[in-house]
Amino acid sequence: MSIKRVWQGFEAVLHALVLVMSLLLLFTSPWILIGRQLTERAGFWDLFHVYGGLLTAMVAVLFLIKVCKGGQWRLFFPWLIFDVKPLLSDVGGLLRGQLPHSGGKGLISVIEGVGVILLLLVALTGVAWFVAEPANALTWRHYHIMFTHGFIGFIVLHCLLGLLHIRDFFN
Ligand code: HEM
Ligand code: HEM
């Protein structure tokens, strides 16, 4: 099997992988208390969070590549080139009570792009905590937790908008 075929297969499961890992890390986070660094008192979920988190950080970078390649970044990050007309028309539609459609450069895609950025910020601040001197680790922990809260907001919104797909079955 060629490397291209392997990558294509991997690409197809990337969203599922990001989804499962993010939810696992989020839902098990009430059971962790790590602080400045891992110590010999670290429990299973502490270790899972740090090493599973590092793995998720790598998956997040691959996911970024997947959503950007082949010019697709224009769909998820159209605001980078001030291409905001589809976004504004979706927002205008919402104000008139019309729900947006997925695909294109509209609201749903822009939110997905913001989600990728938030996941990367969560991952980056996690990695920064890992490599920081213990004296600086609490600052990175603070930023990590801050971006996590933003990321949870994205997941809630993204799941709600995902429900709109059900509408397509009836059309
Ligand atoms: C990339 C996906 C990741 C997600 C979704 C995630 C999610 C979370 C969540 C939800 C919390 C708890 C926030 C709170 O208490 O309100 C947390 C805390 C934390 N995370 Fe992550 N994390 C990720 C990656 C990482 C990585 C890569 C590291 C380090 C290698 C890391 C280290 C930590 C630490 C040290 C804490 C604070 C734990 C404590 O002392 O209470 N995380 N993370
Ligand atoms: C938590 C449960 C999740 C559900 C139910 C879900 C559902 C969906 C659905 C139905 C789509 C297709 C929507 C469309 O056609 O535009 C989609 C696409 C997408 N989702 Fe999620 N998702 C979840 C988690 C996540 C997470 C954690 C991320 C991380 C950033 C994410 C990022 C994306 C992106 C970037 C796309 C568009 C690119 C692609 O289809 O691969 N999703 N999601």
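Both ligands and their constituent atoms are indexed starting at 1 by order of listing. Please read these numbers as outputs of a predicted model, since none were measured by experiment.
Under the 4.5 Å side-chain heavy-atom criterion for ILVMFWY residues, a single connected hydrophobic cluster contains both Leu64 and Trp79. Both Val116 and Ile152 belong to a single network of hydrophobic side chains, linked directly or stepwise wherever heavy atoms of I, L, V, M, F, W or Y lie under 4.5 Å apart. The hydrophobic cluster containing Phe44 also contains Leu26, counting ILVMFWY residues as joined when their side-chain heavy atoms lie under 4.5 angstrom apart, directly or transitively. Put simply, Leu95 and Val84 are part of two different groups of oily side chains (I, L, V, M, F, W, Y) that touch within less than 4.5 Å, one to the next.
By the 30° and 60° cut-offs, the orientation of the rings of Phe48 relative to Trp45 is perpendicular. The aromatic rings of Tyr51 and Phe130 sit perpendicular, their planes meeting at an angle over 60°, well past the 30° parallel limit. By the 30° and 60° cut-offs, the orientation of the rings of Phe10 relative to Trp7 is tilted.
In terms of protein heavy-atom proximity, atom 2 (C) of ligand 1 is nearest to Leu25 CD1, 3.5 Å. At the shortest separation from atom 26 (C) of ligand 1 among protein heavy atoms lies Gly126 CA, 3.7 Å. For atom 8 (C) of ligand 1, the closest non-hydrogen atom on the protein side is His49 CE1, 3.3 Å. Closest protein heavy atom to atom 14 (C) of ligand 1: Ile145 CG2, 3.8 Å. Counting only heavy atoms of the protein, atom 38 (C) of ligand 2 lies nearest to Phe76 CZ, 3.6 Å. With respect to atom 32 (C) of ligand 2, the closest heavy atom belonging to the protein is Phe63 CE2, 3.7 Å. Counting protein heavy atoms only, atom 19 (C) of ligand 1 is closest to His144 CD2, 3.3 Å. Nearest protein heavy-atom contact of atom 5 (C) of ligand 2 is Cys159 SG, 4.0 Å. The nearest heavy-atom contact from the protein to atom 41 (O) of ligand 1 is Arg141 NH2, 3.0 Å. When hydrogens are left out, the protein atom nearest atom 34 (C) of ligand 1 is Ile34 CD1, 4.1 Å; that is the closest non-hydrogen contact. In terms of protein heavy-atom proximity, atom 37 (C) of ligand 2 is closest to Glu112 OE1, 3.2 Å. For atom 35 (C) of ligand 1, the closest non-hydrogen atom on the protein side is Trp129 CE2, 3.3 Å. When only non-hydrogen protein atoms are considered, atom 4 (C) of ligand 2 lies nearest to Leu19 CD1, 3.8 Å. Nearest protein heavy-atom neighbour of atom 28 (C) of ligand 2: Phe154 CE2, 3.6 Å.
Atoms CZ and OG, on Arg167 and Ser102 in that order, are 7.5 Å from each other to the nearest 0.5 Å. Taken to the nearest 0.5 Å, the NZ atom of Lys66 stands 6.5 Å off from the CG atom of Leu14. Atom CD1 of Ile111 and atom CG of Leu118 lie 11.0 Å apart (nearest 0.5 Å). Put simply, SG on Cys68 and CG on Leu75 are 10.5 Å apart, with the number rounded to the nearest 0.5 Å. Atoms OG1 and CG, on Thr148 and Leu25 in that order, are 9.5 Å from each other to the nearest 0.5 Å. To the nearest 0.5 Å, the span separating CG on Asp46 from OG on Ser29 amounts to 11.0 Å.
In summary, the atoms of ligand 1 found under 4.0 Å from a heavy atom of Gly35, numbered by their order in the structure, are 39 (C), 40 (O). Interface atoms of ligand 1 facing Leu33, defined by a heavy-atom separation under 4.0 Å, are 39 (C), 40 (O), 41 (O). In summary, the atoms of ligand 2 found under 4.0 Å from a heavy atom of His165, numbered by their order in the structure, are 10 (C), 12 (C), 13 (C), 14 (C), 15 (O). Every atom of ligand 1 is numbered from 1 in the order shown, and the set under 4.0 Å from a heavy atom of Leu26 is 10 (C). Near Val116, meaning under 4.0 Å from one of its heavy atoms, ligand 2 places the atoms 30 (C), 35 (C). The atoms of ligand 2 that sit less than 4.0 Å from any heavy atom of Phe151 are 27 (C). Listed by atom number, the atoms of ligand 2 under 4.0 Å from Gly115 heavy atoms are 30 (C). Less than 4.0 angstrom separates some heavy atom of Val50 from each of these atoms of ligand 1: 30 (C). Atoms of ligand 1 found under 4.0 Å from any heavy atom of Ser29 (numbered from 1 in listed order, with element): 9 (C), 10 (C), 11 (C), 12 (C). Remark: ligand 2 atoms within the under-4.0 Å shell around heavy atoms of Lys66 are 39 (C), 41 (O). Near Val18, meaning under 4.0 Å from one of its heavy atoms, ligand 2 places the atoms 29 (C).
Using a 4.0 Å cut-off between heavy atoms, Ile155 contacts ligand 2 through its side chain alone, with no backbone atom that close. Looking at Leu54 against ligand 1, both its backbone and its side chain come within 4.0 Å, counting heavy atoms. Only the side chain of Thr148 comes within 4.0 Å of ligand 1, counting heavy atoms alone; its backbone N, CA, C and O stay farther away.
Residues Arg74 and Asp83 are not paired through a salt bridge, judged by the lack of any N-O separation under 4.0 Å between the basic side chain and the carboxylate. Salt-bridge check for Lys69 with Glu11: passed, with a basic side-chain N closer than 4.0 Å to an acidic carboxylate O.
Considering backbone and side-chain N/O of Ser22, none are found under 3.5 Å from N/O of ligand 2.
For the side chain to side chain contact (heavy atoms under 4.5 Å, CB included) criterion with Pro100, the lone passing option out of Leu87, Asp90, Val110, Val91 is Asp90. Screening Leu120, Thr125, Leu124, Ile117 against Phe147 for a side chain to side chain contact (heavy atoms under 4.5 Å, CB included) leaves a single residue, Thr125.
Ranked by closest heavy atom to atom 23 (C) of ligand 2, the top entry among Glu11, His158, His101, Gln72 is His158.
Between His149 and ligand 1 there is a heavy-atom distance shorter than 4.0 Å. Under the 4.0 angstrom criterion for non-hydrogen atoms, Ala60 is not in contact with ligand 1.
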Go through the steps to decide whether His101 and Ile108 satisfy the test side chain to side chain contact (heavy atoms under 4.5 Å, CB included), and finish with yes or no.
CA-CA 7 Å; His101 282 275; Ile108 293 191; over 6 Å; no
